[in-house]
S.K.: 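Following this message is one structure expressed as structure tokens.
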Amino acid sequence: MLLQGKTVIVSGVGAGLGHQVAATVVRDGGNAVLGARTEANLAKAAAEIDPDGTHTAYRSTDIGDEAQCEALAALAVERFGRVDAVVHVAAWDSYFGGVEDADFDTWQQVIDVNLLGTLRMTRACLPALKAGGGSVVIVGTQSAVAAPSQVRQAAYAASKGALTSAMYSMARELGPHRIRVNTVLPGWMWGPPVQAYVRFTAHTEGVAEAEVLGRLADRMALPELATDADVAEAVAFLASDRARAITGQSLLVNAGELMR
């Protein structure tokens with residue numbers, strides 16, 4: 001199996017992509033160490049993914065707190081003896097707007113979570129990753145390279161764009177330790193956030209949800225949106241040894257909406 005015997009830390013495990021990534025790790029033979037701010041959500045996810053608890057562990061973690069990041073990394077080593085990969089799903093993606101109407105205090109908070117929080121969590125995992133090499137997989141966003149016309153999320157896009165730039169530096173810095181650093185850039189991704197957007201837009205406009213979804217799908221080269229599970233598959237590949245020669249790369253998972 002793709003991740004047989006590997007231990008993978010996954011930040012930001014909730015109902016959407018983080019859950020799918022953790023489930024894919026366990027399905028592919030790995031151990032998933034789950035982090036998120038709400039312990040009840042972690043317990044629920046772990047029970048669903050791994051009912052007997054053999055291949056999961058979890059700890060409440062705010063990636064804005066360095067000590068909590070270190071505690072999650074320590075849990076992985078304590079429980080499974082190693083860290084082979086860390087997948088960064090945790091992000092603040094619910095602040096909307098552009099520059100003209102920006103609350104820059106909130107922008108700073110978004111940047112602290114999405115950029116600095118990811119770097120904190122990465123640094124906390126480095127001692128364990130250096131022991132045997134491994135993979136850092138960042139979940140970015142297509143919005144960092146092509147702003148969507150349907151919604152405006154300038155702060156989120158800017159923070160993720162900065163994270164992609166940091167990826168290049170980390171790939172050079174950590175490469176001598178056989179640590180690979182890559183980014184997955186999802187576009188419109190069928191999962192809880194996009195489902196909520198479709199419901200809200202349909203209600204606001206007084207149209208069927210299928211019509212709103214159809215507008216999004218019409219933008220794709222493929223006839224439907226990528227899903228959370230599709231993105232999780234790409235993450236699992238980059239976390240695995242099959243991607244052993246891939247570092248410093250950004251992979252769009254977007255059903256062909258944007259090609260570059």
Side-chain angles (χ1 to χ4, degrees), residues 8-22 32-42 45 58-76 83 85-99 101-126 129 136-145 147-148 151-170 181-187 189 191-194 196-197 228 231-232 235 250:
V8 181
I9 293 175
V10 186
S11 74
V13 175
L17 179 58
H19 185 284
Q20 288 289 345
V21 169
V33 180
L34 287 52
R37 290 180 299 171
T38 305
E39 187 167 358
N41 291 343
L42 292 170
Y58 61 86
R59 176 162 287 163
S60 178
T61 306
D62 180 348
I63 61 172
D65 185 311
E66 194 156 3
Q68 292 186 38
C69 293
E70 291 172 352
L72 185 63
L75 173 65
V83 175
V86 55
V87 179
H88 299 287
V89 183
W92 184 351
D93 61 358
S94 57
Y95 176 66
F96 295 87
V99 171
D101 58 352
D103 173 354
F104 287 122
D105 288 338
T106 303
W107 273 59
Q108 287 184 321
Q109 294 174 53
V110 171
I111 290 168
D112 186 63
V113 172
N114 296 351
L115 173 60
L116 299 180
T118 298
L119 299 181
R120 288 185 194 99
M121 191 69 243
T122 299
R123 184 165 68 178
C125 294
L126 288 183
L129 285 171
V136 177
V137 184
I138 299 163
V139 175
T141 174
Q142 179 178 285
S143 299
V145 295
V151 294
R152 188 173 294 156
Q153 286 182 291
Y156 177 65
S159 66
K160 290 291 192 174
L163 194 52
T164 298
S165 294
M167 172 196 73
Y168 298 124
S169 295
M170 286 193 289
V181 188
N182 294 287
T183 299
V184 174
L185 301 174
M189 178 176 59
V194 173
Y197 167 81
D228 285 355
V231 175
V235 167
S250 297

S.K.: In this structure, which one of V231, V137, V235 forms a side chain to side chain contact (heavy atoms under 4.5 Å, CB included) with V21?
M.R.: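 Of all the options given, the one that passes is V235.
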S.K.: Nearest 0.5 Å, please: how far is OG1 in T141 from CD in Q153?
M.R.: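 The distance works out to 7.0 Å.
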S.K.: For residues I9 and V83, determine if any side-chain heavy atom of one lies less than 4.5 Å from a side-chain heavy atom of the other.
M.R.: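 Yes - at least one pair of side-chain heavy atoms lies under 4.5 Å apart.
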S.K.: side-chain hydrogen bond (donor to acceptor under 3.5 Å, both in side chains) with W107: which residues, sequence neighbours excluded?
M.R.: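 Checked W107 against side-chain hydrogen bond (donor to acceptor under 3.5 Å, both in side chains); zero matches.
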S.K.: Would you please name every residue forming a side-chain hydrogen bond (donor to acceptor under 3.5 Å, both in side chains) with T164, sequence neighbours left out?
M.R.: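 side-chain hydrogen bond (donor to acceptor under 3.5 Å, both in side chains) check on T164 returns nothing, list empty.
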S.K.: Are L75 and V33 close enough that some pair of their side-chain heavy atoms sits under 4.5 Å apart?
M.R.: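 A side-chain contact under 4.5 Å exists here.
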S.K.: State the CG-CD distance between L116 and Q108, to the nearest 0.5 angstrom.
M.R.: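 Atom-to-atom, L116:CG and Q108:CD are 10.5 Å apart.
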S.K.: The criterion is salt bridge (Lys or Arg N to Asp or Glu O under 4.0 Å); which residues satisfy it with R37, sequence neighbours excluded?
M.R.: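 Salt bridge (Lys or Arg N to Asp or Glu O under 4.0 Å) list for R37, sorted by chain: empty.
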S.K.: At their closest point, which heavy atom of P192 faces which heavy atom of A15, and how far apart are they?
M.R.: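 For P192 versus A15, the nearest heavy atoms are CG-O, 4.0 Å.
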S.K.: Mind running side chain to side chain contact (heavy atoms under 4.5 Å, CB included) on V136 and L129 for me, showing each step along the way?
M.R.: CA-CA 9 Å; V136 177; L129 285 171; 4.0 Å; yes
S.K.: Under the side-chain hydrogen bond (donor to acceptor under 3.5 Å, both in side chains) rule, collect the residues that match up with S159, sequence neighbours excluded.
M.R.: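 side-chain hydrogen bond (donor to acceptor under 3.5 Å, both in side chains) list for S159, sorted by chain: N114.
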S.K.: What distance separates Y58 OH from L34 CG, expressed to the nearest 0.5 Å?
M.R.: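 With rounding to 0.5 Å, OH (Y58) is 9.5 Å from CG (L34).
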S.K.: Quick one: CH2 on W92 to CG on D112, what's the gap to the nearest 0.5 Å?
M.R.: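 Going from the CH2 atom of W92 to the CG atom of D112 covers 9.5 Å.
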S.K.: Begin from the C-alpha positions of V13 and N41 and carry the test side chain to side chain contact (heavy atoms under 4.5 Å, CB included) through to its verdict.
M.R.: CA-CA 8 Å; V13 175; N41 291 343; over 6 Å; no
S.K.: Indicate every side-chain donor-acceptor pair of residues 62-70 with a distance under 3.5 Å to a residue at least two apart or in another chain.
M.R.:
residue: D62; atom: OD1; partner: G64; partner atom: N; Å: 2.8
residue: D65; atom: OD1; partner: A67; partner atom: N; Å: 2.9
residue: D65; atom: OD1; partner: Q68; partner atom: N; Å: 3.1
residue: D65; atom: OD2; partner: Q68; partner atom: NE2; Å: 3.4
residue: E66; atom: OE1; partner: R123; partner atom: NH2; Å: 3.4
residue: E66; atom: OE2; partner: R123; partner atom: NE; Å: 3.4
residue: E66; atom: OE2; partner: R123; partner atom: NH2; Å: 2.5
residue: Q68; atom: OE1; partner: D62; partner atom: N; Å: 2.8

S.K.: Quick one: pull up CZ in R120 and CG in L115 and give me the separation to the nearest 0.5 Å.
M.R.: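 It is 9.0 Å, given to the nearest 0.5 Å.
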S.K.: Determine the minimum heavy-atom distance between D228 and G191, stating which atoms define it.
M.R.: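 Reported closest heavy-atom pair: OD2-CA, 3.4 Å.
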S.K.: Could I get the full list of side-chain hydrogen bond (donor to acceptor under 3.5 Å, both in side chains) partners for T122, not counting sequence neighbours?
M.R.: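 Per chain and number, T122 pairs via side-chain hydrogen bond (donor to acceptor under 3.5 Å, both in side chains) with H88.
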S.K.: Quick check for you: to the nearest 0.5 Å, what is the distance between M121 atom CE and T61 atom OG1?
M.R.: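 That separation rounds to 6.5 Å.
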S.K.: So, for G98 and A154, which heavy atoms are closest and what is the spacing to 0.1 Å?
M.R.: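 Scanning both residues completely, I find the closest heavy atoms to be CA-CB, 3.9 Å.
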S.K.: State, to 0.1 Å, how close G140 and T183 come at their nearest heavy-atom pair, and which atoms those are.
M.R.: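 For G140 and T183, the tightest heavy-atom pair comes out as N-CG2, 3.9 Å.
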S.K.: Could you check if a side-chain atom of N182 sits within less than 4.5 angstrom of a side-chain atom of V184, using non-hydrogen atoms only?
M.R.: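 The answer is no, as the side chains (C-beta and beyond) never meet within the 4.5 Å cut-off.
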